[in-house]
Amino acid sequence: MSAKAVKRWTALRRWAAISAMNSEPVPIPIPKRVRFVELNAKALRALADGDLAGGSAEAGVDLDEHFVCDRARWIFGHRADQLAEDPSAAPWITRAVVSEPDGAVVGDAGFHGPPDEAGMVEVGYTVVPGYRRQGYARAILTALLTSSRYGNGCVRREPRVHEIHGTETAPRRQNSAGTQQILLSDPPRLG
């Protein structure tokens with residue numbers, strides 16, 4: 001390397017070092033972690049009736065006002081009726097979503113029921129407005145997919161699940177179809 005090239009390279013390195021010292025640090029996004037808290041039939045019915053304190057007491061976590069808005073009350077009433085008809089659906093339906101390690105309730109999520117004959121389940125989730133655009137939707141969907149595929153204490157490993165359909169309630173994410181098909185099964189084995 002010529003002396004001229006070394007001089008340019010040294011000047012460039014100094015400039016880069018000074019620029020790095022003067023610029024603001026770039027935050028590194030840390031993936032969010034969530035866990036699910038079951039909403040039993042009593043909690044679902046209390047929330048459907050607008051009883052936030054009763055629903056929180058049954059769930060064992062402090063639920064947000066989001067859990068008694070009109071949309072949530074309709075969903076929780078529907079899920080309470082679903083549990084009355086089929087108690088075995090409990091591990092699959094709507095649960096509260098709690099952020100780890102801080103314990104904040106950041107939304108609700110679950111499946112619309114157990115897998116059908118074709119091995120398909122439909123996922124639904126909502127992030128509480130104060131927690132949107134912070135990575136919780138991705139964490140919730142990841143946890144739902146993991147629980148349907150491998151089980152995590154909430155949903156047992158279910159070899160019948162081959163496909164998941166889902167819709168998002170956040171309008172900024174809605175695509176023209178409103179749903180997305182995600183294949184979870186391994187390719188079929190021949191023979």
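Heavy-atom basis, side chains included; hydrogens, waters and symmetry copies ignored. All values reported here derive from a predicted model rather than from experimental measurement. For the single chain, residues carry numbers from 1 onward in sequence order.
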Got a second to check how far [X]'s [atom1] is from [Y]'s [atom2], nearest 0.5 Å?
| X | Y | atom1 | atom2 | answer |
| --- | --- | --- | --- | --- |
| Tyr131 | Ser99 | OH | OG | 7.5 Å |
| Leu39 | Leu83 | CG | CG | 10.0 Å |
| Glu122 | His112 | CD | NE2 | 4.5 Å |
| Lys4 | Lys7 | NZ | NZ | 9.5 Å |
| His78 | Thr94 | NE2 | OG1 | 8.5 Å |
| Cys69 | Trp74 | SG | CH2 | 12.5 Å |

Which atom pairs, donor and acceptor, lie under 3.5 Å between side-chain atoms of residues 58-65 and protein residues at least two apart or in another chain?
| residue | atom | partner | partner atom | Å |
| --- | --- | --- | --- | --- |
| Glu58 | OE1 | Asn40 | ND2 | 3.0 |
| Asp64 | OD2 | His66 | N | 2.8 |

Side-chain heavy atoms of [X] within contact of [Y], under 4.5 Å:
| X | Y | result |
| --- | --- | --- |
| Val97 | Val105 | no |
| Val121 | Trp92 | yes |
| Leu144 | Phe36 | yes |

*Just wondering, more than 12 heavy atoms not from Asp70 lying within 6.0 Å of its CG?*
no
_Residue that, paired with Glu100, satisfies side chain to side chain donor-acceptor pair (under 3.5 Å) out of Lys32, Arg35, Arg33_ = Arg35
_Glu38 and Arg95 ion-paired at < 4.0 Å_ = no
_I'd like to know if Arg71 pairs up with Asp108 as an ion pair, taking the criterion as any Lys NZ or Arg NE/NH1/NH2 lying under 4.0 Å from an Asp or Glu carboxylate oxygen._
yes
Minimum heavy-atom distance between [X] and [Y], given as atom pair plus value:
| X | Y | result |
| --- | --- | --- |
| Asp86 | Pro114 | OD2-CG, 4.5 Å |
| Ala109 | Ile140 | CB-CG2, 3.5 Å |
| Ala143 | Val34 | CB-CG2, 4.0 Å |
| Phe67 | Phe76 | O-CE1, 3.3 Å |

Side-chain donor-acceptor distances from residues 43-50 under 3.5 Å, at least two apart:
| residue | atom | partner | partner atom | Å |
| --- | --- | --- | --- | --- |
| Arg45 | NH2 | Asp81 | OD1 | 2.5 |

*Output, in order, the C-alpha distance, side-chain angles, deciding distance and verdict of side chain to side chain contact (heavy atoms under 4.5 Å, CB included) for Tyr125 and Leu141.*
CA-CA 8 Å; Tyr125 64 91; Leu141 186 56; 4.3 Å; yes
*Under the salt bridge (Lys or Arg N to Asp or Glu O under 4.0 Å) rule, collect the residues that match up with Arg73, sequence neighbours excluded.*
none
*Among Arg138, Arg132, Gln134, which residue meets the side-chain contact (heavy atoms from CB on, under 4.5 Å) test with Tyr136?*
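The option that passes is Gln134.
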